[in-house]
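First up is the structure itself, then whatever we jot down about it.
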Protein chains: 2
Amino acid sequence: MSNQLKLDSFICFAVYTASHAFNRVYKPLLDELGLTYPQYLAMVSLWEEDGQTVGGLGEKLFLESSTLTPLLKRLETAGYIRRERSRQDERVVVLRLTEEGKRLKERAETVPGCIIDASGRGADQLARLQAEIVALREALNKSTS
Amino acid sequence: MSNQLKLDSFICFAVYTASHAFNRVYKPLLDELGLTYPQYLAMVSLWEEDGQTVGGLGEKLFLESSTLTPLLKRLETAGYIRRERSRQDERVVVLRLTEEGKRLKERAETVPGCIIDASGRGADQLARLQAEIVALREALNKSTS
DNA sequence: CGATAATTAATCGTGTGCGATATAAATCTC
DNA sequence: GAGATTTATATCGCACACGATTAATTATCG
């Protein structure tokens, strides 16, 4: 018997579909800001810490340069960031928010609340679940490293 | 203060990165089967129930026909499934496992165990977490419907 | 100091994902 | 039963996501 091979019992499938479900909730909110979800994550990270490098941002978002470079070029075209080579180390590209990019933060302040509402859960329960999922992610990342 | 806008506190970000982490664990296992992760999900669903329609599979996997059609064509090219129009309703495309597609199931039996190992958690804890994530997904899906 | 190695982004090819639209078949309506 | 509507899948354009490779720069080591 292969009672292992049941889709609905796969935690990976739950995570995979939950990720898509989040995307669908975010979509209309981020459309107003002119951002996709991964672009929004990059902006959130830069609002936390301006002047990050491509590699540094990639470590935080768990994304490769092959994903980030085109995404960041789109954010630059949109006028939200600038990409400039570091003078100390010409290999490194530093990401800096433009004034418009900084202003966008104000308009984005309402987004997290909408997501929490859509989840239909209290902040404490969400925080607990979030911590469990992060712990799971760390275990998975450790197993592949 | 915008303590809301902190990446590491976002449950969506935890889910998003956990989904990628699962993918990285699956990659080497599925490479041996010649499947991508979404292709694997489609095959698992067809191993559970052969003869599903494109629409039916899309409902189970929460995917649109615009995603599934090319994916299913690749599975057909790989020789794992056949896509045939229903004779009762010519709009419907029925998906049937080939003999090779059925045989693949045996080779896939070991995959779930590897994932559970990589998660570093007991089956009961995983099942509980899985149920919570599914409940979260349902709440999110309800909010957008 | 100069060859070699390591590091950082960028590029390329493949495969998702989805919204908008198209196409074709079935169903509904008058 | 002809025309309008609905349904099921396919197509197209755009944006990820990643592995493999490349190019440019910096670090290292003999």
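Heavy-atom basis, side chains included; hydrogens, waters and symmetry copies ignored.
Residue side chain R91(B) reaches the base of dT7(D) through a donor-acceptor N/O pair under 3.5 Å, judged by distance alone. For S65(A) against dA10(C), a side-chain-to-base donor-acceptor contact under 3.5 Å is present.
In this structure, N23(A) atom CG and dC16(D) atom P are separated by 10 Å, rounded to whole Å. Atom pair L61(A):CG and dA17(D):P shows a separation of 10 Å (rounding to whole Å applied). One can place CG of L30(B) at 11 Å from P of dT16(C), the figure rounded to the nearest angstrom. Per the geometry, CE belonging to M43(B) stands 17 Å off C1' belonging to dG15(C), to the nearest Å. The distance between atom CD of E59(B) and atom P of dA8(D), rounded to the nearest whole Å, is 9 Å. Regarding F22(A), its CZ atom lies at a distance of 19 Å from the C1' atom of dC16(D), rounded to whole Å. One atom, CD of E64(A), and another, P of dT7(C), lie 15 Å apart when rounded to the nearest Å.
Under 4.0 angstrom from either OP1 or OP2 of dT16(C) there lies at least one side-chain N or O belonging to R74(B). Dashed line: the shortest gap from a side-chain N or O of Q39(B) to OP1 or OP2 of dT16(C) is under 4.0 Å. Close to dT25(D), at under 4.0 Å from its OP1 or OP2, lies no side-chain N or O of Q88(A). Using a 4.0 Å cut-off, some side-chain N or O of K73(B) falls inside it from OP1 or OP2 of dT11(D). Within the structure, a side-chain polar atom (N or O) of T36(B) is placed less than 4.0 Å from OP1 or OP2 of dT16(C). The side chain of T53(A) places an N or O atom within less than 4.0 Å of a non-bridging phosphate oxygen (OP1 or OP2) of dA9(C). The phosphate of dA15(D) (OP1 or OP2) has no side-chain N or O of K27(A) nearer than 4.0 angstrom.
Among the nucleotides dA10(C), dG15(C), dG17(C), the one closest to the side chain of T69(A) is dA10(C). Proximity note for Y16(B) (side chain, C-beta onward) versus dA17(D), dA20(D), dG17(C): the nearest is dA17(D).
Along DNA chain D, the nucleotide nearest to P70(A) and the one nearest to R87(A) differ in position, and the one closer to the 5' end is contacted by P70(A). Sequence order on DNA chain D of the closest nucleotides to E90(A) and L63(A) puts L63(A) first from the 5' end.
Salt-bridge annotation for K6(B) and D8(B): absent, with no side-chain N of the basic residue lying under 4.0 Å from a carboxylate O of the acidic one.
Judged by distance alone, the side chain of T98(B) and the main-chain N or O of G79(B) form a donor-acceptor pair under 3.5 Å. Under a 3.5 Å cut-off, the side chain of S45(A) and the backbone N or O of L41(A) do not form any donor-acceptor pair.
Heavy atoms of L68(B) sit nowhere under 4.0 angstrom from any nucleic acid atom.
A ring-ring contact (aromatic ring centres under 6.0 Å, His included) with Y16(A) is found for exactly one of Y26(B), F22(B), Y37(B), namely Y37(B).
Looking at heavy atoms from C-beta onward, L129(B) lies in side-chain contact with L129(A) at the 4.5 angstrom threshold.
Using modelled atom types, one finds a donor on one side chain and an acceptor on the other under 3.5 Å when comparing S86(A) with Q88(A).
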